[in-house]
Structures are given as structure tokens and as C-alpha cells.
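Remember, predicted model here, so these are calculated numbers, not experimental data.
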Amino acid sequence: MALQLQKELNPEQADAAATISGPVLIIAGAGSGKTRMITYRIAYMLEQGISQSEILALTFTNKAASEMAERIRLVTGKPMNKLTASTFHSFGLSVLKRNGSYLGYSKGFSVYDQSDKMGMLKSSLVELRIDPKSEDLYALSELISSIKTGRLQFSADTSEYKPLFKEYNSHLKLYNAVDFDDLIMQPIALFQQFPEILELYRKKYKYILVDEFQDTSIQQYQLVKMLSCNHRNLCVVGDDDQSIYSWRGADFRNITNFEKDYPECREIKLEQNYRSTGTIIQAANTLIKNNKNRKKKRLWTGDEKSGIIALSHPEDESEEAEFIADKIKEVMIKHRLRYDNFGVLLRTNNLLTAIEHAFLSSNIPYKVSGGQSFFQRKEIKDIIAYLRIMANLDDEMSLLRIINTPKRGIGKTTLQFFRKLSDQKNCSLFSAITASVHAADTGIRESIRRNSSELIDFINSYREQLFSRKKLSTVLTSMLTDISYKNHIISEHPDNDQLAQWKMKNVDLFISILDRWERNPDKKGDSLYDFLGSISLVGKTEPDQEAGKVNLMTVHASKGLEFHTVFLAGVEDHIIPHKRSLEENPDNIEEERRLFYVAITRAKNNLYMTSCRTRKYMREVIETIPSRFLEELPSDLIEQPGEDTVADVESAANYFDQMRQRLKAGVP
DNA sequence: TGGGATGGGGTTTTT
DNA sequence: CCCCATCCCA
């Protein structure tokens with residue numbers, strides 16, 4: 001059955017979907033049916049006889065990648081097991097897994113996340129005899145990242161960190177580990193050093209598509225360019241107005257670079273919005289017009305002016321949360337909606353708690369995406385560290401993590417001794433401990449030698465089992481029993497049994513995730529290495545297809561999603577736009593505005609914004625100021641409860657004035 | 001020397 | 001409010 005692009009898509013979408021060879025730049029406004037277009041485009045390619053294995057589709061999140069494959073499967077009715085749809089990072093990981101040995105990585109190398117990275121930085125500083133407390137670790141990790149990706153060069157005031165940079169990288173190598181930046185930079189290095197490997201990838205992936213192109217970094221674009229510069233079948237899809245990841249290296253100038261690199265490219269704009277009511281679109285357009293740095297486009301919709309945008313000013317965050325809870329119930333009944341038609345969006349994760357409390361006490365089912373990932377939780381990271389050290393004996397960060405979890409009687413001093421030894425012999429910590437427990441004259445006390453020796457034997461024995469024929473989940477379960485991990489959890493929370501129970505539930509959940517992964521017939525023959533790889537890049541908790549729950553998330557996490565009714569909480573200056581963001585660079589105001597734009601355009605029908613008058617921050621209650629972006633919205637579109645429109649606009653203006661006075665007076 | 005108790009400080013967003 | 005670091009005791 002032939003696909004009928006003209007019937008399924010509007011003329012621009014159909015044009016974009018049918019243009020499968022040569023470079024194409026598609027500017028797709030919010031809600032313009034981008035995903036639908038991409039789905040049909042790939043389905044159409046397959047219909048034209050291009051095989052799945054020749055297509056590389058790069059997306060921004062794992063969720064987007066799996067959804068893309070699923071949608072194509074639904075349209076074509078065929079399984080998509082040969083299609084490569086993944087994030088840049090997981091693509092990079094797969095390249096390294098296959099070819100890492102060329103760069104000196106051995107099988108089972110570890111992938112370090114942000115917190116591992118911080119830990120590495122801290123110990124590198126100690127090694128260089130710099131007090132970690134005197135440094136801003138977060139800023140340092142950004143610096144390291146920028147240098148590594150070539151975004152920044154060492155300058156006069158940063159050159160003092162050259163040794164740190166060197167130390168950090170050589171330790172990564174020593175631990176047989178890579179960080180997130182390496183997942184992009186090492187494949188590039190590999191392709192540069194071994195053109196014959198690059199050639200293989202070029203031959204394989206004849207058609208490349210990049211989604212969320214505005215959020216790719218210069219390096220990610222470089223990687224794509226390397227792969228596609230011969231056949232030039234590169235399609236990039238993006239919207240500069242929704243670029244919200246510049247802090248992570250995203251550079252929407254890539255869009256202009258693309259036009260330069262591929263002068264023959266076709267450019268197609270999707271500007272018709274199918275998602276939102278006219279009110280929402282008008283507000284969004286008015287807001288984003290204030291950004292100087294953007295491509296000309298104007299989103300339009302057939303809808304005239306239905307839908308609601310409302311603003312209210314609760315006293316504090318608990319009143320705000322209650323308002324949202326009550327409003328959800330009210331709107332749900334009025335419009336006969338389900339809970340999952342609602343999205344509650346927040347600029348920062350710490351605004352989450354108040355909302356969760358309110359939802360719990362008014363029995364509103366909800367799910368949180370974003371925030372701390374399941375795999376980032378302490379108890380889960382502990383278990384992963386056990387698996388990682390067994391997969392990769394050089395993995396020092398993991399060894400350090402588990403060495404006294406639970407307590408094993410190996411303390412600071414002993415550890416220092418071992419680390420010094422590993423440094424002297426330029427070997428891994430694990431080898432250093434092994435050597436020292438077997439040496440005749442160890443220089444350590446007998447009881448400690450015994451403890452350490454037990455640990456080494458423990459790791460070796462379970463390592464062996466994990467690579468035997470046994471089921472991983474079975475081995476893991478017996479290992480956790482062996483170390484009485486659950487008792488450890490209980491002893492960590494002597495006065496909070498509920499928390500301990502919750503953590504144990506997480507542990508069980510992890511085991512069942514492993515179990516399910518092992519049972520998956522696609523993963524047959526895969527090993528512990530593959531499992532660790534597969535979880536190392538999973539950001540958020542997988543959306544368990546849980547229907548019937550209110551969606552609670554950060555604005556960043558909401559990109560690409562839509563809800564009948566959206567709540568945007570904490571619409572206050574210092575939150576959105578965020579204080580720190582502006583402190584870093586006043587130009588960030590445009591990115592903050594884009595964030596606000598993304599939030600607004602998630603709404604199909606209604607948008608309820610709340611701006612508290614006071615808010616608790618850390619320990620103190622502070623007076624807040626309504627977000628400056630509120631003034632950029634057309635005031636006649638905004639309802640404020642309990643007042644008629646004219647008085648409303650006036651009082652809002654007054655309110656802003658008062659607040660500005662207060663701000664000038666120096667009241668925070 | 002290890003481990004518990006006590007006090008200080010703090011994440012904007014995430015692959 | 002919670003997590004981490006340091007200090008001090010056993």
C-alpha cells in the first residue's frame with residue numbers, strides 16, 4: 001500500500017517528507033506537526049527501497065528516539081529493528097564500543113556521569129595539593145568540558161587549570177573510563193585517526209536525519225558532517241526559537257553554518273500550528289518577537305481566539321500548589337478531561353516538592369519526569385558501582401564508592417595508603433590493593449589486610465560469576481544478600497523507615513529492570529557490558545506509559561510534549577528568567593525567553609500561570625517580583641481572577657511599578 | 001584507625 | 001531540609 005503524503009500532510013510537510021536526497025533544512029515551529037512529518041519522511045524512504053540499516057536518525061533524548069521508531073512502525077506496520085534511531089551520545093557510545101580498542105579503551109570501559117566527574121575533579125585537585133573547597137567545582141567541570149570540546153581555549157585566567165585538565169584526563173584513561181564529552185569527541189578523534197573506519201560508517205549510513213538541530217553542539221554537528229559530507233543526504237530539523245540547551249554546548253548558529261556548508265540545501269518552513277488555540281499562539285508570537293537573534297517566521301493557526309491564559313498571584317508556594325491542585329480538579333470536570341491531559345511545568349527542580357505535597361494530600365495521581373533520574377539515586381548508583389567495578393577493574397570511582405558501602409573496616413588512612421601506592425606504581429587502585437594484600441611486608445595492619453583481602457576476593461568471585469552462564473539478575477541478587485545491602489539501607493535511615501522501604505523498593509525495581517532486560521530476545525548474547533552501556537545514558541525515569549496521571553516536569557523536560565491544559569508555576573523574576581543565568585551572562589535573557597516560549601507553546605487550550613508574592617528559599621521567606629516576561633504578553637489576553645479586564649490591566653501595571661520600586665530600593 | 005556525631009553549606013536546566 | 005565534611009571518641 002503506497003503512502004499518500006499529500007493526503008496525510010499539508011503541502012509544506014509533504015514537501016519536506018518527500019525531499020529525501022540532498023541536504024535539507026527544515027525549520028519547524030512549535031506544534032507544526034514536525035514529528036508527524038519526520039515519521040512519514042522515514043516511512044516514505046523505506047517505501048522507496050532504502051533499507052532501515054542505511055538510515056541514521058539522531059534525536060535529542062532516548063525517549064524521542066524510541067518514540068520515533070515506534071511511530072514509524074505504526075505507519076509502516078513493520079518492525080524497526082534495523083533502523084538506527086538514537087541520541088548523539090548513545091550513537092557515540094556504540095562507535096566506541098565497537099572501535100574503542102583503537103584508542104586504547106578496553107572492553108567494558110565505564111561511562112562517567114556528572115557526579116562521577118565531580119568526584120574525579122575533587123580527587124584530582126587533592127592530588128595536585130589544591131584544596132577542593134577553595135574552588136568552584138561546578139565551574140571547573142564546565143571549564144573542563146568546554147576545553148575538551150574545543151568550545152574554549154585556556155586563557156590567561158584559566159591557564160592555572162592546565163595541570164588539572166591533564167590530571168583529569170589521564171585519570172579517566174587510567175580508569176578505563178570516558179565522560180559524556182568523550183562520547184562525542186572520541187568518535188571524532190577515531191574517525192580522524194582512522195579514515196578507513198570513518199569510511200565504513202559513511203558507507204553504512206547513506207541517509208542521516210537530525211532532529212532538534214537547534215540543540216546540537218558544534219562538535220555534534222561536526223560528527224554528522226564527517227559522516228555525510230560525501231553523499232550529502234543530510235536532513236536537519238529544528239526551531240531556533242526552541243533552543244534551550246546552550247549551557248550544554250548547544251549552538252543554534254549551527255543552522256547558519258549548515259546553510260554555509262551545504263549551499264545547495266533546500267529550506268522548508270513549517271509554520272502552521274496544529275496544537276494550540278489562537279490565544280496561546282498570539283501570546284507566544286508576541287513574546288518571542290522580543291528576541292533579536294532569530295530567524296524570521298510567524299506561527300499561525302486556523303483557530304481564532306479560543307482558549308484561556310490566566311495569571312494569579314498566590315501568597316506562597318503552598319497556596320500556589322493548592323491552587324493548581326484545585327484548578328486541575330475543576331477543569332477536569334468542566335471539560336471532561338483525564339489527569340494526563342494536564343502538565344505542570346517548572347523552571348527548576350526544587351519547585352517540585354511543594355506541588356508534590358499538594359497532589360499527595362488531594363489525591364491527585366501524578367508522575368514526575370525529569371528531576372533526579374532513577375539511575376542517579378544513591379542506592380541505585382551503589383549497585384551500579386558494584387556492577388561497574390566487576391565489569392571494569394580499573395574503574396576507580398566505582399571502587400571508591402563501594403569500598404565502604406556497606407562498611408568494611410577500610411578507612412581513610414588505609415585508603416590513602418592504597419591510593420598512594422597505585423599512584424607510585426601507576427597502576428589501578430584495584431591492582432594496588434591486590435598487590436598489597438599479597439605482599440609479604442604490606443605495611444598495613446593484619447586486620448586491615450584481611451578486610452581488604454576479603455573485598456578483593458569478593459569482587460573477583462562475583463566478577464567471575466557475572467561473566468559465567470548464570471543469569472545476571474540471579475548473581476546480583478545473591479551478591480546483594482551477601483553484603484546485606486538491605487540492612488545497610490535500614491541502618492542508614494534509623495529514624496525513617498518509610499524512606500528505607502522506598503529505597504529497598506528501588507533496589508528491587510532495579511533487579512527487575514535487569515531481569516526484564518535479560519529476558520528480551522533482542523538482547524540475546526549481550527553481556528554485562530551491554531547492560532551497563534544501556535543504562536549509562538538513560539536520563540529520566542522511563543515514562544512507564546502510565547496513563548491517567550498529571551505530568552509534572554521542568555520546562556526543559558517538556559520540550560516536544562503537549563497538554564490540553566498547562567500550568568506554569570513560579571513565574572517570577574529570579575526563577576524565569578533565572579537569576580543565575582543572567583548573572584552568568586545578561587545575554588542569556590534570550591534563552592530564558594525561549595524557555596518561557598517553550599513552556600507556553602506546550603498548551604493546547606489553556607495556560608494557567610502562577611506568580612507567588614512570597615516564596616521560601618533555603619530557610620528564609622523572600623518577597624518575589626513577577627516575571628518580566630509577563631509584561632511582554634498582550635495584556636488583553638490574560639485573565640486575572642476576580643477582576644474585570646480594564647481594572648485588571650491597570651492593577652497589573654501598578655503591581656509591576658510597585659515591585660520595580662521595591663527592587664530599586666534594594667529589597668531582594 | 002574506623003565510625004558515629006555534629007555543624008556548615010547548597011544545583012538552573014541534562015545527555 | 002538534606003547531604004557532606006570534619007572532628008572526636010572508642
- Reckon A:Glu591 touches a base, only the sugar-phosphate, or nothing at all at heavy-atom distances under 4.0 Å? nothing

Report, one pair per line, the protein and nucleotides 3-10 of chain C atoms (nitrogen or oxygen only) whose separation is under 3.5 Å.
{"unit_1": "C:dA5", "atom_1": "OP1", "unit_2": "A:Lys122", "atom_2": "NZ", "d": "2.9"}

- Validate the cation-pi geometry between A:Lys148 and A:Phe165: distance from NZ or CZ to the six-membered ring centre under 6.0 Å, angle to the ring axis within 45°. no

- Message: Would you measure the distance from the P atom in C:dT6 across to the matching atom in B:dT11 and give it in whole Å?
- Response: 16 Å

- Mind telling me whether A:Tyr245 and A:Phe60 have parallel, tilted or perpendicular rings, with 30° and 60° as the class edges? tilted

What N/O pairs connect the protein and nucleotides 5-8 of chain B at under 3.5 Å? Give each pair on its own line.
none

- Message: Classify the ring geometry of A:Phe596 against A:Phe629: parallel below 30°, tilted from 30° to 60°, perpendicular beyond 60°.
- Response: tilted

- Query: Within this structure, what is the CG-to-P distance between A:Leu140 and B:dT11, rounded to whole angstrom?
  - Reply: 13 Å

- Rounded to whole Å, CG of A:Asp136 lies from P of B:dG10 at a distance of 9 Å

- Query: B:dT12 base to A:Arg347 side chain: any donor-acceptor pair below 3.5 Å?
  - Reply: yes

- Note on the structure: note: A:Leu183, atom CG; B:dT14, atom P; distance rounded to Å ~ 18 Å

- Task: Find the distance A:Glu142:CD to B:dT15:P and express it as a whole number of Å.
- Result: 15 Å

- Query: Just to confirm, is there a sub-4.0 Å distance from OP1 or OP2 of C:dC1 to any side-chain nitrogen or oxygen of A:Asn350?
  - Reply: no

- Query: Ring-on-base stacking between A:Tyr138 and B:dT11, under 5.5 Å between centres and under 30° between planes: is it there?
  - Reply: no

- Query: Using a cut-off of 4.0 Å on non-hydrogen atoms, how would the nucleic acid contact of A:Lys407 be classed: base, sugar-phosphate, or nothing?
  - Reply: sugar-phosphate

- Message: In whole Å, I'd like the distance from the CD atom of A:Glu592 to the C1' atom of B:dT13.
- Response: 9 Å

- Side-chain H-bond candidate by donor/acceptor type, A:Ser581 with A:Glu592, under 3.5 Å: yes

- Item | 5' priority, DNA chain B, between A:Ser581 and A:Thr414 [closest heavy atom] | A:Thr414

- Task: Name the nucleic acid region contacted by A:Ile575, choosing base, sugar-phosphate or nothing; use a 4.0 angstrom heavy-atom cut-off, strictly under.
- Result: nothing

- Between A:Glu320 and A:Thr610, do the side chains contain an N or O donor and an N or O acceptor separated by less than 3.5 Å? yes

- Query: What nucleotide among B:dT13, B:dG3, B:dG2 has an atom nearest to a side-chain atom of A:Trp247?
  - Reply: B:dT13

- Message: Please report the distance, rounded to the nearest Å, between NZ in A:Lys148 and C1' in B:dT15.
- Response: 14 Å

- Measure the distance from CD on A:Glu572 to P on B:dT12 and round it to the nearest whole Å. 15 Å

- For the residue pair A:Gln214 and A:Asp240, confirm or rule out a side-chain donor-acceptor distance under 3.5 Å. no

- Ignoring the backbone of A:His578, work out which of B:dT1, B:dT12, B:dT15 is nearest its side chain. B:dT12

- Query: Which one, B:dT13, B:dT15, B:dG3, comes nearest to the side chain of A:Asn404?
  - Reply: B:dG3

- Task: Please determine if a side-chain N or O atom of A:Arg580 lies less than 4.0 Å away from the OP1 or OP2 oxygen of B:dT12.
- Result: yes

- Message: Distance check, rounded to the nearest 0.5 Å: A:Ile535 atom CD1 versus A:Trp517 atom CH2?
- Response: 9.5 Å

- Task: Would you check if there is a donor-acceptor pair between the side chains of A:Tyr168 and A:Asp179 at a distance under 3.5 Å?
- Result: yes

- Item | Any side-chain donor near an acceptor of the partner, A:Asp395 and A:Ser110, under 3.5 Å | yes

- Item | Options B:dT15, B:dT12, B:dT13, nucleotide nearest the side-chain atoms of A:Thr87 | B:dT15

- Aromatic plane relationship, A:Tyr221 with A:Phe258 - under 30° parallel, 30 to 60° tilted, over 60° perpendicular: tilted

- Note on the structure: Comparing A:Ser90 with A:Ile410, nearest DNA chain B nucleotide closer to 5' gives the residue A:Ile410

- Task: Give the rounded distance in Å between these two atoms: NE2 of A:His556 and C1' of B:dT11.
- Result: 13 Å

- Message: As a test of reading the structure: which of B:dG3, B:dT13, B:dT1 is closest to the side chain of A:Thr554, going by heavy atoms?
- Response: B:dT13

- Message: Whether the A:Thr59 and A:Asp211 side chains hold a donor-acceptor pair (N or O, under 3.5 Å, no angle test) is what I'd like checked.
- Response: no

